[in-house]
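Take a look at the structure below.
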Amino acid sequence: FKTLMNVINYSSNLNISIYHTFHDEVDQCRNHIWKCNGPCQYKPPYFGLVKRAMNRAPAPRDTWWNKHKYECGGEYTKISE
C-alpha cells in the first residue's frame, strides 16, 4: 500500500498518508454540550465546556468532578443538543 501511496502522491501532487486521526470525526458526534457558570468558563483549554456524544451530564462519576468542584465550584447547564 505504501508503494502505491507514494506513486499516487508523486504523480498527482496529493498528500495521501497511512496515518489518520479521527479527532474531527469524533468531534462532530459530540453534540451534547454543557457549560459551567463558574470561573473555569474563562480559562483555557476547555473554557468551561464539556462535549459528549451521549446525553450524559457532568456528574460525580466523572474522574475530574471532585477537582472541578474544589477548584471552580460552578454548575453545568446544557447549552446544545
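These figures come from a predicted structure and were not determined experimentally.
- For the pair W64 and P58, the tightest heavy-atom approach, listed with the atom from each and the gap, is CH2-CB, 3.6 Å.
- To the nearest 0.5 angstrom, I33 atom CD1 is 9.5 Å from K78 atom NZ.
- Summarising the hydrophobic clusters (Ile, Leu, Val, Met, Phe, Trp, Tyr; side-chain heavy atoms under 4.5 Å, direct or chained), the residues clustered with M54 are none.
- Annotation: the span from K51 atom NZ to D27 atom CG amounts to 5.0 Å, rounded to 0.5 Å.
- Linking ILVMFWY residues whenever their side-chain heavy atoms come closer than 4.5 Å, directly or via other members, places I18 and I16 in the same cluster.
- Between R52 and R30, the closest side-chain pair of non-hydrogen atoms is not below 4.5 Å.
- Nearest approach of E75 to N37, heavy atoms of both residues: N-OD1, 2.8 Å.
- Closest approach of L14 to I8, counting heavy atoms only: CD1-CG2, 4.2 Å.
- Heavy-atom contacts from other residues, nucleotides or ligands closer than 6.0 Å to OH of Y46 number 12 or fewer.
- Under the side chain to side chain contact (heavy atoms under 4.5 Å, CB included) criterion, C29 pairs with A53, sequence neighbours left out.
- In terms of modelled atom types and a separation under 3.5 Å, the side chain of Q41 and the main chain of G38 share a donor-acceptor contact.
- Residue-environment remark: CG (N13) stays at or below the threshold of 12 foreign heavy atoms within 6.0 Å.
- Within the 4.5 Å cutoff, side-chain heavy atoms of H68 are placed close to those of C36.
- With rounding to the nearest 0.5 angstrom, the CH2 atom of W34 is 10.5 Å from the CD1 atom of I79.
- Without hydrogens or angle criteria, D62 side chain to A59 main chain gives a donor-acceptor distance under 3.5 Å.
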